A.B. asks: 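A single structure is presented below for examination.
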Amino acid sequence: MKREFLTTGDGSVTIHLPEWDEQYHSKHGAIAEAIHVFVKTGLHYYTGLYPKQPISILEIGFGTGLNAFLTLQEAVAKNLQIAYTGVEAYPIEASEISQLNYAGLLAASQADFLSLHNIDWEQPSEVHPNFQLTKRNQFFSEITDKEAYHLIYFDAFGARVQPELWTEEIFKKMYSALQVNGVLVTYAAKGSVRRAMQAVGFSVERLPGPPGKREMLRATKI
């Protein structure tokens, strides 16, 4: 599928798929969306509830590595111990990685960003003493983890283009993958998504969304 590059509202670059008229991040701001949805509403929320404990995170849609990169920065800055697993069915190419400008905009190390992409797939790698990364080349429907994670970043392509990723079947897998009191956050806010989450047992909150979106969802395993 053809991929193009789009500069989003906050100056950060995302990948655009013209065939679907869909992009990897919000056109209103790739970095802004990732910080709001996954860092603030996910990571900060969870560490506020359970401070100083090691955290295991599953990302659904490793994609450009932006969410992992922001989480790495948080781990280092706040001395968090994070084991991060990113699942991606279609990894992006090295030539595409080089066009992503996140490190410069975040005043962060480009070498650190590239390290997330350069490590081998399918095996745990210590990116930093505070941050271990495992990348899995896997379809989301193949996930079978049980009570392995405290937090899930659910960052799949939208239900408009891949509705099969936003079903009770998938959210049942997410529910199983979380420990009790574990949290899932996503940029999505559709009623059908919320109802699918509730149907498998999640307690779901509607929360203010990132720039360009009125709402987002946060779900807790109860």
Side-chain angles (χ1 to χ4, degrees), residues 10-15 24-25 29-138 143 145 147-156 177-179 182-187 210:
D10 62 6
S12 53
V13 170
T14 191
I15 297 174
Y24 278 60
H25 310 97
I31 289 176
E33 177 190 47
I35 290 174
H36 179 90
V37 175
F38 302 109
V39 176
K40 291 184 177 179
T41 312
L43 182 62
H44 288 180
Y45 172 76
Y46 191 85
T47 56
L49 293 175
Y50 307 102
K52 299 183 180 179
Q53 78 168 36
I55 305 167
S56 181
I57 299 176
L58 173 65
E59 181 180 15
I60 301 301
F62 183 78
T64 64
L66 174 57
N67 296 333
F69 188 45
L70 290 168
T71 304
L72 166 62
Q73 290 183 299
E74 289 288 311
V76 175
K78 298 183 177 179
N79 195 29
L80 304 172
Q81 291 295 324
I82 296 179
Y84 195 103
T85 299
V87 176
E88 177 60 55
Y90 301 102
I92 66 174
E93 302 292 336
S95 60
E96 296 169 323
I97 296 165
S98 66
Q99 298 190 56
L100 302 172
N101 63 346
Y102 308 140
L105 291 175
L106 294 165
S109 165
Q110 178 71 0
D112 285 348
F113 176 66
L114 293 177
S115 72
L116 302 177
H117 291 280
N118 290 337
I119 66 168
D120 291 335
W121 290 77
E122 316 302 340
Q123 62 184 32
S125 297
E126 184 180 278
V127 176
H128 183 275
N130 293 74
F131 190 86
Q132 182 188 77
L133 174 63
T134 304
K135 297 187 300 183
R136 296 185 350 209
N137 187 191
Q138 183 180 35
I143 293 172
D145 302 272
E147 298 185 353
Y149 304 101
H150 302 103
L151 181 60
I152 293 176
Y153 295 168
F154 199 90
D155 199 17
L178 282 171
Q179 296 185 14
V183 172
L184 179 152
V185 285
T186 184
Y187 63 86

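Please read all numbers here as calculations on a predicted model, not as lab measurements. Both backbone and side-chain heavy atoms feed into the values below; hydrogens, waters and symmetry mates do not.
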A.B. asks: Using every non-hydrogen atom in the two residues, find where Thr41 and Val37 come nearest and quote the distance to one decimal.
C.D. replies: CB-O, 3.4 Å

A.B. asks: What are the two closest non-hydrogen atoms of Pro91 and Asn137, and how far apart are they?
C.D. replies: CD-ND2, 3.7 Å

A.B. asks: Go through the steps to decide whether Trp121 and Gln138 satisfy the test side chain to side chain contact (heavy atoms under 4.5 Å, CB included), and finish with yes or no.
C.D. replies: CA-CA 10 Å; Trp121 290 77; Gln138 183 180 35; over 6 Å; no

A.B. asks: Roughly how far, to the nearest 0.5 Å, is CG of Leu133 from CG of Asp120?
C.D. replies: 11.0 Å

A.B. asks: Give the table of side-chain donor-acceptor pairs shorter than 3.5 Å for residues 102-114, with sequence neighbours excluded, one pair per line with atom names and distance.
C.D. replies:
residue, atom, partner, partner atom, Å
Tyr102, OH, Val13, O, 2.6
Ser109, OG, Ala111, N, 3.2
Ser109, OG, Asp112, N, 3.1

A.B. asks: Please evaluate residues Glu88 and Arg136 with respect to the criterion side chain to side chain contact (heavy atoms under 4.5 Å, CB included), reporting the C-alpha separation (whole Å), side-chain torsions for both, the decisive distance (0.1 Å), and the verdict.
C.D. replies: CA-CA 6 Å; Glu88 177 60 55; Arg136 296 185 350 209; over 6 Å; no

A.B. asks: Mind listing the closest non-hydrogen atom pair of Ser115 and Ile119 along with its distance?
C.D. replies: O-CG2, 3.1 Å

A.B. asks: Given side chains that start at C-beta, do those of Val185 and Tyr45 come closer than 4.5 Å, heavy atoms only?
C.D. replies: no

A.B. asks: Please list, chain by chain and in numerical order, all residues satisfying ring pair (Phe, Tyr, Trp, His ring centres under 6.0 Å) with Phe38, sequence neighbours excluded.
C.D. replies: Tyr153

A.B. asks: To the nearest 0.5 angstrom, please state how far the CD1 atom of Ile82 sits from the CG atom of Asn130.
C.D. replies: 8.0 Å

A.B. asks: Is it true that His150 and Tyr50 have ring centroids separated by less than 6.0 Å?
C.D. replies: no

A.B. asks: Does Asp155 reach the main-chain N or O of Ala34 with its side chain, forming a donor-acceptor pair under 3.5 Å?
C.D. replies: no

A.B. asks: If you measure from CZ on Phe154 to CD1 on Ile60, what distance do you get to the nearest 0.5 Å?
C.D. replies: 6.0 Å

A.B. asks: Which heavy-atom pair separates Leu116 from Lys135 by the least distance, and what is that distance?
C.D. replies: O-NZ, 3.1 Å

A.B. asks: His25 and side chain to side chain donor-acceptor pair (under 3.5 Å): which partner among Asn67, Thr64, Asp10?
C.D. replies: Thr64

A.B. asks: Given the side-chain rings of His117 and Phe69, with only the six-membered ring counted for Trp, is the space between their centroids under 6.0 Å?
C.D. replies: no

A.B. asks: What's the spacing between Ile15 CD1 and Leu100 CG if we round to 0.5 Å?
C.D. replies: 5.5 Å

A.B. asks: Establish, from distance only, whether the side-chain atoms of Tyr149 and Glu59 form a donor-acceptor pair under 3.5 Å.
C.D. replies: no

A.B. asks: Quick check for you: to the nearest 0.5 Å, what is the distance between Ile57 atom CD1 and Leu151 atom CG?
C.D. replies: 5.0 Å

A.B. asks: Roughly how far, to the nearest 0.5 Å, is CG of Leu70 from CD1 of Ile31?
C.D. replies: 6.5 Å

A.B. asks: In terms of the angle between their ring planes, are Phe131 and Tyr84 parallel, tilted or perpendicular, with boundaries placed at 30° and 60°?
C.D. replies: tilted

A.B. asks: Looking at Ile55 and Leu43, what are the two nearest heavy atoms and their distance?
C.D. replies: CD1-CD1, 4.0 Å

A.B. asks: Looking at every non-hydrogen atom in both residues, tell me the closest pair between Ala68 and Phe62 and how far apart they are.
C.D. replies: CB-CE1, 3.7 Å

